[in-house]
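Residue numbers count from 1 along this sequence. When a ligand or atom number is given, it counts from 1 through the structure's own listing order.
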Amino acid sequence: MIRVENVSHRLGERLALDGISVSLAEQRVGVIGANGSGKSTFARLLNGLIVPDDGTVTVDGLSTSREAREVRRKVGFVFTDPDAQIVMPTVGEDVAFGLRGSGLPKPEIARRVTEVLGRFGLGGFHDRPAHLLSGGEKQLLALCSVLITEPAVLVCDEPTTLLDLRNARLIGHLLGSLPQRLVLVTHDLAVLADFDRVLVFDGGRLVADDRPAGAVAYYRALMG
Ligand SMILES: Nc1ncnc2c1ncn2[C@@H]1O[C@H](COP(=O)(O)OP(=O)(O)OP(=O)(O)O)[C@@H](O)[C@H]1O
Ligand SMILES: [Mg+2]
């Protein structure tokens, strides 16, 4: 369970989040809203990338401010910009990096790397330089590098923006069938149709919290 209680957070001059309280326990939660409404700021709270100015965020009872390391192990985060996430020279090394210090034997790490790359359409990319992949391939790589650590919750901030139609569908399907709990920030409203719950942000406030149809209708009305 993720609990966000009375959270406000300032970024520069702006109140990016204004008095947010919400508890998330569902398998798949969508987050929508206008550009600049606070979605990415909210997403970053959930694994402690941002510690709120006011209020608290806990994940299964762990505080994102006091127990940041444990929270990060539980909550994986996929950035919109996949370059922000590439840390190693080759695709295989980048994915394996998540398992450093895991104590797993090397052959088992290699097996898991091959398995996850295959599952996300990157079989055959193992030895390619990571920074030379296309934008969409980098997004797929970013997902692999996070999922190999088997987080309990996956937070994705617009993970399909760079993907072509085939890969967007692949990722949509894979995200929908993950064992992980998922919090997905997206502008792709169709993807949310069978989600359990959708949050709508506007001007840093949580303005709707409903089943997908209700939340999407609210958002459409908001956008005029
Ligand atoms: N580092 C920063 N300094 C100042 N203001 C910031 C900073 N980062 C974000 N903001 C502002 O905070 C507000 C919320 O930003 P946020 O990135 O959470 O929006 P978003 O809903 O994710 O938008 P988008 O759909 O465009 O990704 C925006 O008005 C943004 O300009
Ligand atoms: Mg954003």
What protein atoms of element N, O or S are positioned under 2.8 Å from the Mg ion (ligand 2)?
Ser40 OG

Between Thr58 and Glu5, does any side-chain donor sit less than 3.5 Å from a side-chain acceptor?
no

heavy-atom search around atom 27 (O) of ligand 1 in the protein gives Glu158 OE2, 3.5 Å

Distance alone, cut at 3.5 Å: any donor-acceptor contact between the side chains of Ser21 and Asn6?
yes

Looking only at protein heavy atoms, identify the closest one to atom 16 (P) of ligand 1 and say how far it is in Å.
Thr41 OG1, 3.6 Å

For atom 30 (C) of ligand 1, state whether the nearest protein heavy atom is under 4.0 Å away.
no

Less than 4.0 Å is my threshold; does some heavy atom of His187 fall inside it relative to ligand 1?
yes

To the nearest 0.1 Å, how far is atom 23 (O) of ligand 1 from its closest protein heavy atom, and which atom is that?
Gly36 N, 2.7 Å

For Tyr219, the ring pair (Phe, Tyr, Trp, His ring centres under 6.0 Å) test, sequence neighbours excluded, returns none

Residue and atom name of the nearest protein heavy atom (relative to atom 17 (O) of ligand 1), distance in Å to one decimal
Ser40 CB, 3.6 Å

Within the 4.0 Å heavy-atom cut-off, what Arg14 brings close to ligand 1 is side chain

Do any nitrogen or oxygen atoms of Ala16 lie less than 3.5 angstrom from nitrogen or oxygen atoms of ligand 1?
no

Where is the nearest protein heavy atom to atom 9 (C) of ligand 1: which residue, which atom, and how far?
Leu11 CD1, 3.3 Å

Less than 4.0 angstrom from a charged side-chain N to a carboxylate O is my criterion; do Asp209 and Arg197 meet it?
yes

Measuring from the heavy atoms of Ala34, does anything fall under 4.0 Å of ligand 1?
yes

Is Gly33 in polar range of ligand 1, meaning some N or O pair under 3.5 Å apart?
no

Of all the non-hydrogen atoms in the protein, which one sits nearest to atom 26 (O) of ligand 1, and at what distance?
Asn35 ND2, 3.1 Å

Is Arg112 salt-bridged to Glu115, cutoff N-O under 4.0 Å?
no

For atom 25 (O) of ligand 1, the protein heavy atom that lies nearest, with its residue and separation:
Lys39 NZ, 2.7 Å

For ligand 1, is there an N or O atom under 3.5 Å from any N or O atom of Glu13?
no

